[in-house]
Amino acid sequence: MKIKVLLITLMMALINQCAMASRLPDNFWTYLQKVYPNSTQRFDSVVVLADGTMYVPLYPAQEAEEKNIKLEYTYPLNRMPNTKPEVMIFNNNFVLLKLMKDKNGTYSITKNENLPLKVKLGVMPQDMLVPVGLKVPDSLKLILGNLVIPEKNDNLITAATDTKIGTVRDEKGKITPLTELKNKKAVISNDMSKFVLVYDGEKKNPLYEVKLSGLPSKILASNKSKLALVMYFGSKTVEIVDLTNERTVSQITLDNTPKDADLDTKNNIAYIASANASTIYMVDLNTAKLAKAVKLEQAPEKIAVSDNGDGIAFIDRNTQKIYSLKEQDGAYTAKYIADSKNLSRILYKKGKIYTISRTENKLSVYDEAENILTAEIRLNEKPTDAVFFQDKIYVLCSKDSIVNVYDTVSQKIIENIVLDNVGFYSKITMIPNQPNALITGIQTKKFLLLNLEKMMITKKQNADVNVSNIIIVDAPKTGETSENKGVGAKGISL
C-alpha cells in the first residue's frame with residue numbers, strides 16, 4: 001500500500017509539472033484541429049470547438065510517443081467524436097473531459113464514477129480558469145491537482161440589482177427585448193462607480209453587478225478569447241478580466257499610468273499608450289500576459305492599431321504631432337506624419353491614418369506610406385467618437401446630435417444621420433458580427449441602435465443607467481449536456 005501511495009504521489013508531481021505548460025503538444029493539437037475544424041485552444045489549453053463546446057484536457061503522468069494519434073476510449077459507449085462524448089481517451093494517454101452547463105449556469109463534468117485509471121490519474125492544466133462552482137465527482141477529485149474550485153462568493157460578482165436594460169417601449173407601451181443583443185454579452189460602466197453591470201442577451205432576466213478594482217477609464221474586449229483589458233483612473237495597473245466567468249485573470253503593472261488603448265483584432269493584441277512612461281505596451285489577450293514594451297522618445301497619448309495589425313498610429317501628448325510606428329528587423333521606428341490639434345479620435349485603416357479634431361470639427365486623411373495629407377473634410381460640431389465599417393467612417397458629432405457618414409472611396413460625406421436631442425451622445429460601440437452599433441451617452445439614459453448598412457437609427461431603447469463604457473462580445477456557446485450511460489469503447493477509428 002505504501003509503495004502504491006508513493007507511486008501515485010510521484011506520478012502526481014510529474015503530472016503537475018507537465019500541466020503547468022498550458023499548451024497541448026503540437027502533434028496532438030494538430031490532430032484535434034483535423035477532428036474538430038475551426039476549434040481553438042484557450043490560453044490555459046482548454047479546447048473550444050466551433051459551436052462553443054468546451055473540453056478540459058487531462059495531462060497524463062507519462063505521455064506516450066505516438067506518431068498516429070487515435071481515439072481509443074469514450075464514455076458513453078461507442079461514440080464517435082462528432083457526437084461530442086463526455087470523456088475521450090487517446091492513445092497518447094491524454095484525456096478530454098467535456099464541460100457541461102445546466103440551465104442554472106452551473107458547470108460539471110461526467111458523473112461516471114467507473115472510469116479507467118488513465119482518467120483518474122490525469123490532471124487538469126494547473127493555471128486553468130476553473131468555472132465557478134464546477135461539479136466534480138469524488139472519485140475524480142485528484143484530477144484537480146492544486147486547483148481550487150471557486151464559489152460564487154470568491155469571484156467578482158458582489159450584488160444583484162433590479163436595473164432594467166435591454167428593453168424598449170413600443171407604441172402600445174409594452175416592454176420588448178432588444179433582439180440585436182441576442183447571444184451577446186454586454187458590460188456597462190458609468191463614470192462614478194467601480195461597479196460594472198453585466199447583461200446577458202436580449203432576455204429580461206435581472207442584471208448583476210461586478211466589482212472592479214477601481215474606477216475604470218477604458219475597457220477593451222476581445223471577441224475571440226472573451227478577455228477584457230481594464231484600465232483605471234490614476235492607476236499603473238491594468239487588469240485582464242475573463243468575461244465568461246467575470247473573474248480577474250491577471251494584473252499587469254506598467255511603468256506609469258496608461259492614457260489610451262486599442263485592440264488588434266487580427267492578432268488579439270491590446271496596445272496601451274502611456275504618455276508618462278513614453279512607452280507603448282503590448283498585452284496578449286490570448287495568454288493574458290504582457291508581450292512587449294516599446295520605449296519611445298515621444299509621449300504617446302491617443303493610439304490606433306492598423307486593420308492588418310502591422311502598424312500603429314499615435315499622438316505625441318507634448319507636441320500633438322502624429323506618428324506611425326512599425327517593426328522592422330526587431331526594431332521599432334516612429335515616423336512623423338503631421339501636426340494635429342485637439343484630436344478626439346484616430347483610426348488607421350488600409351494604409352490611411354484618419355484623425356478627428358473635436359475643436360476644429362474636421363476629419364483629416366493621411367497616406368501613411370507617402371506621408372501626405374490626401375483629404376480634409378468639414379464635420380458637424382464636437383465630433384467625439386467614430387467607427388469604421390465597410391469603407392465608411394461613422395463620426396458621432398455630439399453637440400449637433402448627428403452622425404456624419406464619410407465614404408473613404410469618394411472622399412465625401414454621403415449621409416447625415418440625425419439623432420434625438422435628449423442628452424449628449426458621445427460613444428459608438430460596434431455589435432460583433434452585425435451591421436449594427438449602439439450610440440450611448442453618460443447623461444442620455446438611452447441606447448440608439450444604428451444600422452450601419454441602412455445608415456439610419458432603427459431603434460431607441462430606454463435604460464436606467466448612465467453609460468460611460470460599454471463593451472459587447474458574443475456570448476460563449478455551450479455544448480448540450482448528456483445523461484447517456486455506458487462503460488466505454490476501445491479502438492474507435494476516425
Requested in this report: Decide side-chain contact (heavy atoms from CB on, under 4.5 Å) for Q390 and E453; before the verdict, give the C-alpha distance in whole Å, the side-chain angles of both, and the deciding distance to 0.1 Å.
Outcome: CA-CA 9 Å; Q390 292 183 351; E453 290 179 336; 3.9 Å; yes
Report task. Under the side-chain contact (heavy atoms from CB on, under 4.5 Å) rule, what do I315 and S340 come out as? Steps first, then yes or no, please. Result -> CA-CA 8 Å; I315 307 301; S340 68; 4.2 Å; yes
Query - Value rounded to 0.5 Å, distance of OG in S225 from CG in L243 - result: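 If I round to the nearest 0.5 Å, the distance is 8.5 Å.
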Query - Donor-acceptor pair, side chain of K295 and main chain of S278, under 3.5 angstrom - result: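 The answer is no, because no donor-acceptor pair under 3.5 Å joins these two groups.
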Query raised in the report: Between K321 and D339, is there a salt bridge with N-O shorter than 4.0 Å?
Result: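 A salt bridge is present here (some side-chain N lies under 4.0 Å from a carboxylate O).
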Query raised in the report: Which residues satisfy the ring pair (Phe, Tyr, Trp, His ring centres under 6.0 Å) test with Y36, sequence neighbours excluded?
Result: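 So Y36 forms no ring pair (Phe, Tyr, Trp, His ring centres under 6.0 Å) with any residue.
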Query - Residue pair P432 / K184: nearest heavy atoms and the distance that separates them - result: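 Smallest heavy-atom distance, with atoms named: O-NZ, 2.7 Å.
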Requested in this report: Kindly give the heavy-atom pair with the smallest separation between A313 and Y348, and that separation in Å.
Outcome: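 In this case the closest contact between A313 and Y348 is N-CD1, 3.7 Å.
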Query - Over 12 non-hydrogen atoms of neighbours within 6.0 angstrom of NZ in K412 - result: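 At most 12 heavy atoms, drawn from other residues, nucleotides or ligands, come within 6.0 Å of this atom.
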Query raised in the report: Just by distance, do the side chain of N404 and the backbone of N416 share a donor-acceptor pair under 3.5 Å?
Result: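 Between the backbone of N416 and the side chain of N404 there is no qualifying donor-acceptor contact (under 3.5 Å).
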Requested in this report: Taking atom types as modelled, find out whether E239 and S250 have a side-chain donor-acceptor pair closer than 3.5 angstrom.
Outcome: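 On atom types as modelled, these side chains do not qualify, holding no pair under 3.5 Å.
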Report task. Supply the atom-to-atom distance T279 OG1 to K292 NZ, rounded to the nearest 0.5 angstrom. Result ->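 If we round to the nearest 0.5 Å, T279:OG1 and K292:NZ are 14.0 Å apart.
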Query raised in the report: Does the side chain of V403 reach to within under 4.5 Å of the side chain of N380, using non-hydrogen atoms?
Result: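 No, too far: nothing below the 4.5 Å cut-off.
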**Report entry** Gap separating the CG atom of L290 from the OG1 atom of T287, nearest 0.5 angstrom
**Finding:**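 Here the interatomic distance stands at 9.5 Å.
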Report task. Verify, without hydrogens or angle tests, whether T408 (side chain) and D391 (backbone) share a donor-acceptor contact under 3.5 angstrom. Result ->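 Side chain of T408 to backbone of D391: a pair is present.
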Report task. Classify the side-chain pair T53/D51 by whether it contains a donor and acceptor separated by less than 3.5 Å. Result ->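 Yes, a side-chain donor-acceptor pair sits under 3.5 Å.
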Report task. Could you please spell out the steps behind the side-chain contact (heavy atoms from CB on, under 4.5 Å) verdict for V283 and I269? Result -> CA-CA 6 Å; V283 175; I269 304 293; over 6 Å; no
**Report entry** K259 atom NZ, neighbour heavy-atom count above 12 within 6.0 Å
**Finding:**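 No, NZ of K259 has 12 or fewer neighbouring heavy atoms, counting only those of other groups under 6.0 Å.
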**Report entry** ring pair (Phe, Tyr, Trp, His ring centres under 6.0 Å) involving Y406 - partner list, sequence neighbours excluded
**Finding:**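 Y406 satisfies ring pair (Phe, Tyr, Trp, His ring centres under 6.0 Å) with no residue once adjacent residues are dropped.
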Report task. With the side chain counted from C-beta on, respond yes when I303 and I280 share a heavy-atom pair under 4.5 Å apart, and no when they do not. Result ->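 Of all side-chain heavy-atom pairs linking I280 with I303, at least one is under 4.5 Å.
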Report task. Start with the C-alpha distance between I402 and L419, add both sets of side-chain angles, then the distance that settles side-chain contact (heavy atoms from CB on, under 4.5 Å), and finish with yes or no. Result -> CA-CA 6 Å; I402 285 178; L419 313 179; 6.0 Å; no
Query raised in the report: At what distance, to the nearest 0.5 angstrom, does CD1 of I353 lie from CG of D367?
Result: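 Answer for the CD1-CG pair, I353 versus D367, is 9.0 Å.
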Query raised in the report: Does a side-chain heavy-atom distance below 4.5 Å link I356 with L343?
Result: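 A side-chain contact is absent here, since even the closest heavy-atom pair is not under 4.5 Å.
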Query - Test: E180 and K459 ion pair at under 4.0 Å - result: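 Yes, E180 and K459 are salt-bridged.
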Report task. Taking all heavy atoms of C397 and all of E381, pick out the closest pair and write down the distance. Result ->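 Answer, listing the atom of C397 first, then E381: CB-O, 3.4 Å.
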Query raised in the report: Taking S222 for the side chain and L227 for the main chain, is one N or O donor matched with an acceptor at less than 3.5 Å?
Result: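 No; judged by distance alone, with no hydrogens or angles, the pair does not exist.
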Query - CG (N82) with more than 12 external heavy atoms under 6.0 Å - result: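 More than 12 heavy atoms, drawn from other residues, nucleotides or ligands, come within 6.0 Å of this atom.
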Query raised in the report: How about L32 and L96: do any of their side-chain heavy atoms sit closer than 4.5 Å?
Result: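 L32 vs L96: side chains touch.
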Requested in this report: Provide the closest heavy-atom pair for Q251 versus S213 in the form atom of the first, atom of the second, distance.
Outcome: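 Answer, listing the atom of Q251 first, then S213: NE2-OG, 4.1 Å.
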Report task. List the atom of K349, the atom of F388, and the distance in Å for their closest heavy-atom pair. Result ->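 The answer is CG-CD1, 3.4 Å.
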Report task. Would you please say whether a donor-acceptor pair under 3.5 Å links the side chains of T384 and S398? Result ->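 Judged by distance alone, the side chains do pair up.
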Report task. For Y332, check ring pair (Phe, Tyr, Trp, His ring centres under 6.0 Å) against everything at least two apart and list the hits. Result ->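 Ring pair (Phe, Tyr, Trp, His ring centres under 6.0 Å) list for Y332, sorted by chain: empty.
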Query raised in the report: Where the side chain of K446 meets the backbone of D420, is there a donor-acceptor pair that is under 3.5 Å apart?
Result: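 Such a contact is absent between K446 side chain and D420 backbone.
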Query raised in the report: With a 4.5 Å limit on heavy-atom distance, are the side chains of T355 and R345 in contact?
Result: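 Sidechains of R345 and T355: no contact.
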Query raised in the report: Rounded to the nearest 0.5 Å, how far apart are OH of Y394 and CE of M430?
Result: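 Result: 8.5 Å between the selected atoms.
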Query raised in the report: So, do S364 and L373 sit near enough that their side-chain heavy atoms are less than 4.5 Å apart?
Result: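 In short, these two side chains touch, coming nearer than 4.5 Å.
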Query raised in the report: When you measure from the side chain of S357 to the backbone N and O of K341, does any donor-acceptor pair fall under 3.5 Å?
Result: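 Flag set: sc S357 to bb K341 pair under 3.5 Å.
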Query raised in the report: Are any non-hydrogen side-chain atoms of L254 and T237 less than 4.5 angstrom apart?
Result: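 No, their side chains stay 4.5 Å or more apart.
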Query raised in the report: Should E301 and R317 count as an ion pair when the cut-off is N to O under 4.0 Å?
Result: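 No, this pair does not count.
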Requested in this report: Please report the closest heavy-atom contact between K427 and D385, naming both atoms and the distance.
Outcome: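 Result for this residue pair: CA-OD2, 3.4 Å.
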Query - Under 3.5 Å donor-acceptor, K218 side chain and A261 backbone - result: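 Side chain of K218 to backbone of A261: a pair is present.
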Report task. Calculate, to the nearest 0.5 Å, the distance between atoms CG and CD1 belonging to D262 and I346 respectively. Result ->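 With rounding to 0.5 Å, CG (D262) is 9.5 Å from CD1 (I346).
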Query raised in the report: Between K185 and D474, is there a side-chain N and carboxylate O pair less than 4.0 Å apart?
Result: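 The answer is no: the pair does not qualify as a salt bridge.
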Report task. Taking D307 for its side chain and K350 for its backbone only, find out whether a donor-acceptor pair lies under 3.5 Å. Result ->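 Such a contact is found between D307 side chain and K350 backbone.
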Query raised in the report: Is it true that a side-chain atom of K226 and a backbone atom of N223 form a donor plus acceptor pair closer than 3.5 Å?
Result: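 Side chain of K226 to backbone of N223, a donor-acceptor pair under 3.5 Å: yes, one is there.
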Query raised in the report: If you measure only the distance, is there a donor-acceptor pair under 3.5 Å linking the side chains of D260 and Y271?
Result: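 Not at all, the side chains of D260 and Y271 share no donor-acceptor pair under 3.5 Å.
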Query - Heavy-atom donor-acceptor pair, E368 side chain to Y366 backbone, under 3.5 Å - result: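 Absent.
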**Report entry** Student check: side-chain heavy atoms of P258 and M231 closer than 4.5 Å
**Finding:**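 Side chain of P258 against side chain of M231, heavy atoms only: contact under 4.5 Å found.
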Requested in this report: Look at atom CG of N38 and say whether more than 12 heavy atoms of other residues, nucleotides or ligands are closer to it than 6.0 Å.
Outcome: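 Counting other residues, nucleotides and ligands, CG of N38 stays at 12 neighbours or fewer.
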